[in-house]
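Following: one structure in structure tokens, then a few remarks.
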Amino acid sequence: MSTTELLKGAAELFPDEVVTQAHVRHLDLPFNAGRFALITLDNGFDHTKPTTFGPASLANLNTAIDQVEKEASAGEIVGVGITGKPFIFAVGADLKGVELLKEHKDALAIGKGGHEVFKRLAGIAVPTFAYYNGAAMGGGVEVGLHCTYRTVSAALPAFSLPEVFLGLVPGWGGCTLLPNLIGAEKAVSVIIENSLNQNKQLKGAQVYELGIADALFEGADFLEQSLLWTASVLKGEIVVERPVIDRGEAWDQAVAKGRFIADSKVHGAAPAAYRALDIIEAAKNGDLQQGYDAEDIALADLIMGGELRSGIYAFNLVQKRGKRPAGAPDKNLARPVTKVGVVGAGLMASQLALLFLRRLEVPVVLTDIDQERVDKGVGYVHAEIEKLLGKGRINQDKANRLKALVTGVLDKAEGFSDADFIIEAVFEEIGVKQTVFAEVEAVAPAHAILATNTSSLSVSEMASKLKNPERVVGFHFFNPVAILPLLEIVRGEQTDDASLATAFAVAKKLKKTAVLVKDAPAFVVNRILTRFMGEIQNVIDEGTPVAVAEKAVEPLGLPMSPLVLLELVGPAIGLHVSETLNRAFPDRFTVSPNLAAVVKAGKRGFYVYDSGKPELDPEVAALLKQGDVVLSEEQVRERVLDAVAQEIGLMLDEGVVAEAQDIDLCLITGAGWPFHLGGITPYLDREGVSERVNGKKFLAPGLASVPA
């Protein structure tokens with residue numbers, strides 16, 4: 001079957017494709033280097049809309065290559081270049097269409113179609129050049145790898161092969177060509193390590209330093225400089241020299257390192273990284289076609305698997321639902337925020353002050369019970385600004401301006417009398433928070449929003465003794481504040497629309513993923529994690545060894561084990577949240593006596609790290625009082641997953657969030673749960689847990705699964 005026939009058949013499977021055009025124009029290169037054909041990828045005048053590759057888009061590129069291939073064979077041109085529209089080169093395959101595929105043969109056709117088109121760039125009779133002028137991901141990177149030479153813009157903000165992150169492999173040449181270009185070690189870093197590190201992106205300079213691009217030019221006149229460089233290359237005035245690739249032991253060590261990284265991140269639970277490493281390992285022999293064939297098969301297998309469907313589902317949650325929160329009130333009701341107050345000056349409060357300061361660039365004032373604490377909080381913010389200055393993230397003028405905007409006072413009346421948004425981050429005890437809000441209400445303007453960063457307490461109860469409870473809203477951040485995107489916005493029983501709208505508007509300016517949640521104990525993330533952790537603690541208390549309980553949930557590929565997570569959160573906080581939920585739901589949430597003993601002993605976790613890896617602290621082991629019921633890993637895993645499925649079902653019945661999608665969005669952005677799980681509900685559906693526990697799946701057919 002010809003490439004044209006292949007793509008024509010595949011196009012019927014992508015009815016909603018935003019089609020990329022491939023415009024060919026000709027120009028005379030500088031220095032009398034000759035006539036040159038430049039292909040520009042463009043899908044319209046909206047420069048914010050990414051350029052993708054579906055079957056129709058690939059067909060358009062194929063047609064453009066037909067033209068330049070004939071011109072090259074006839075000696076009418078000396079070279080061919082490919083670039084993108086302003087700010088965007090191309091971001092890869094059209095995932096909207098990929099998730100609709102129902103048959104393995106159709107998925108295989110997509111892989112083969114991309115390969116057949118891209119390979120033609122390497123076969124043209126004249127040198128080919130890729131000009132990475134803007135964001136390049138996935139297939140956008142790979143189309144350039146098929147060219148003879150590449151340049152990259154110093155202003156390029158994002159460059160990656162993110163397929164493993166989503167549950168795929170770089171399947172249009174990435175796994176095969178990249179290690180043959182820059183060596184296996186660097187390729188493993190880009191394809192495996194960066195992808196599994198929350199889809200880390202490369203900047204233009206890094207692309208050049210890795211050897212992916214042969215030249216780096218400033219963004220302002222990037223194409224002009226690239227064409228000058230191209231002319232010099234074609235005239236022989238510039239000779240591109242690339243390092244000899246080590247195809248010996250170093251290649252094998254790089255693949256082994258990749259497997260270690262994959263094991264540490266997904267624990268064998270997700271196949272994509274391992275399929276990619278198999279292809280990289282085989283690419284050592286330099287047989288490109290063998291690599292392309294392996295990519296086709298791996299791509300088709302993974303497209304039809306649950307991991308990719310969950311990955312696309314998770315991607316859509318973060319990119320779409322996360323930017324248009326379900327249930328958010330009319331944004332026109334939001335009031336302006338020109339000054340922020342922070343009650344407390346401890347670490348959490350100081351992190352909040354820094355975030356508000358950086359994103360809103362308005363005056364921020366901290367208060368606390370003594371001057372030493374206030375000074376420490378302001379000092380923390382100043383020190384973090386100095387770090388940003390030292391890293392070149394801000395200039396001296398901005399550093400001075402930000403420092404001048406943050407102050408600290410002891411008198412709340414002095415600090416908050418003209419504040420529009422006041423958030424408390426004090427001790428997690430309802431009486432303390434009620435007292436703080438009463439003091440703030442007495443001095444704050446009538447329009448000011450009173451926000452609480454509580455992780456588990458009732459927002460309604462906190463506001464119940466105020467004269468104006470309608471302006472109290474939950475504003476729950478996750479630690480570390482600067483990294484985790486989630487912000488649970490909690491509507492109390494009397495919170496009004498204007499206050500809620502203002503909270504969502506502020507969240508957007510803070511660049512957080514806001515999810516509206518009901519005022520229910522521990523809200524979303526902490527409730528699910530506490531039920532999850534509670535079952536782990538229960539089986540340990542009953543007699544299952546700690547190592548077995550921890551290992552039982554490794555197949556989920558979570559970012560860290562339950563007890564390591566407990567250490568990060570802090571055993572005392574974990575105990576407090578479990579006590580809060582035990583009071584609310586004593587039939588499902590227990591308070592572990594062993595955890596209470598660990599907290600009472602002042603231990604910061606269950607492990608010590610003297611050997612460089614976590615080992616059960618002998619002092620903690622001596623504290624543990626266990627029964628004689630020992631479960632297997634499989635039994636522990638089933639019990640934990642059943643508990644989580646039950647809790648999510650109850651939360652949805654209670655209306656804690658609008659839909660299961662919000663549960664998943666919260667776990668992905670607030671707890672770092674992996675994309676290959678889709679958060680959690682797609683995994684529970686896929687493994688049959690949802691139906692076993694609740695009698696039905698959480699998600700509709702075709703959502704995070706192969707369409708029926």
Side-chain angles (χ1 to χ4, degrees), residues 263-269 455-456 478-480 483-484 522 525-582 588-644 647 667 670-674 677 680 683:
D263 287 343
S264 67
K265 291 289 187 178
V266 300
H267 309 286
S455 60
S456 61
F478 289 79
N479 209 3
I483 296 175
L484 289 176
V525 172
N526 283 343
R527 181 165 165 181
I528 293 172
L529 290 185
T530 302
R531 187 74 194 276
F532 176 85
M533 298 282 291
E535 287 304 316
I536 295 289
Q537 289 161 354
N538 286 342
V539 299
I540 292 172
D541 292 349
E542 292 164 10
T544 298
V546 169
V548 173
E550 287 267 82
K551 201 170 189 329
V553 294
E554 279 190 358
L556 276 70
L558 299 177
M560 61 188 73
S561 74
L563 294 184
V564 172
L565 174 62
L566 180 65
E567 184 175 316
L568 177 67
V569 171
I573 294 175
L575 179 63
H576 170 76
V577 176
S578 67
E579 290 171 338
T580 300
L581 284 161
N582 173 254
R588 302 193 309 280
F589 288 86
T590 58
V591 178
S592 166
N594 282 318
L595 177 59
V598 168
V599 173
K600 185 177 180 180
K603 304 300 293 185
R604 300 181 64 180
F606 277 61
Y607 294 126
V608 290
Y609 297 85
D610 298 339
S611 65
K613 60 182 181 180
E615 295 179 343
L616 187 63
D617 184 339
E619 294 181 9
V620 170
L623 292 171
L624 296 181
K625 290 185 170 63
Q626 295 181 280
D628 56 6
V629 178
V630 179
L631 302 182
S632 68
E633 291 177 20
E634 292 76 13
Q635 289 171 320
V636 173
R637 184 163 57 252
E638 180 175 318
R639 182 163 156 182
V640 170
L641 292 176
D642 283 2
V644 170
E647 202 60 37
L667 287 175
W673 282 36
L677 293 184
I680 185 60
Y683 178 82

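Bear in mind that the values here come from a model prediction, so they are computed numbers and not experimental data.
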Next on the checklist: With rounding to the nearest 0.5 angstrom, report the CD to CZ distance, Glu535 to Arg588.
Outcome noted: 11.0 Å

Checklist entry - Asn538 versus Arg639: any side-chain heavy-atom pair under 4.5 Å? => result yes

Item to check | Euclidean distance, Leu623 CG relative to Asn594 CG, rounded to 0.5 Å | outcome: 8.0 Å

Checklist entry - What closest approach, in Å, do Leu484 and Gly670 show between heavy atoms, and which atom pair accounts for it? => result CD1-O, 3.4 Å

Item to check | Interatomic distance, Arg527 atom CZ to Ser456 atom OG [nearest 0.5 angstrom] | outcome: 12.5 Å

Checklist entry - Under a 4.5 Å cut-off applied to non-hydrogen side-chain atoms, are Leu677 and Leu558 in contact? => result yes

Checklist outcome for this item: The reported gap from NE2 in His576 to CG in Leu581 (rounded to nearest 0.5 angstrom) is 9.5 Å

Checklist entry - Under the 3.5 angstrom rule, does the side chain of Thr544 hit a backbone N or O of Leu631 as a donor-acceptor pair? => result yes

Item to check | Contact summary for Val577 and Ala522, nearest pair of heavy atoms | outcome: CG1-CB, 4.3 Å

Checklist outcome for this item: Ala671 and Pro559 have their tightest heavy-atom pair at O-CG, 3.8 Å

Checklist entry - Are Ser561 and Val553 side-chain neighbours, meaning at least one heavy-atom pair lies under 4.5 Å? => result no

Checklist entry - Crowded around Lys603 NZ? As in, over 12 foreign heavy atoms under 6.0 Å? => result yes

Checklist entry - Could you state the interatomic distance from CD (Glu550) to CZ (Phe606), rounded to the nearest 0.5 Å? => result 9.0 Å

Checklist entry - Would Trp673 and Phe532 count as a close aromatic pair, with their ring centres under 6.0 Å? => result yes

Item to check | Sole residue of Val620, Val546, Asp617, Leu566 in side chain to side chain contact (heavy atoms under 4.5 Å, CB included) with Tyr607 | outcome: Val546

Checklist entry - Should Arg637 and Pro555 count as side-chain neighbours, where that means a heavy-atom distance under 4.5 Å? => result yes

Checklist entry - Do you know which two heavy atoms are closest between Gly543 and Val630, and how far apart they sit? => result O-CG2, 3.5 Å

Item to check | Expected output: side-chain Arg531 to main-chain Val644 donor-acceptor under 3.5 Å | outcome: no

Item to check | Heavy-atom check, side chain of Leu563 versus side chain of Leu616, under 4.5 Å | outcome: no

Item to check | Pair Thr590-Asp541, side chain to side chain contact (heavy atoms under 4.5 Å, CB included): steps then yes or no | outcome: CA-CA 11 Å; Thr590 58; Asp541 292 349; over 6 Å; no

Checklist outcome for this item: In terms of heavy-atom contacts, Gly605 and Pro571 come closest through N-CG, 3.9 Å

Next on the checklist: What's the separation between atom CD in Gln537 and atom OG1 in Thr530, rounded to the nearest 0.5 Å?
Outcome noted: 8.5 Å

Next on the checklist: Can you confirm whether Glu542 is buried at CD, in the sense that more than 12 heavy atoms of other residues, nucleotides or ligands lie under 6.0 Å from that atom?
Outcome noted: yes

Next on the checklist: Quick check: closest heavy atoms across Ala549 and Val539, and the distance to 0.1 Å?
Outcome noted: CB-CG2, 4.0 Å

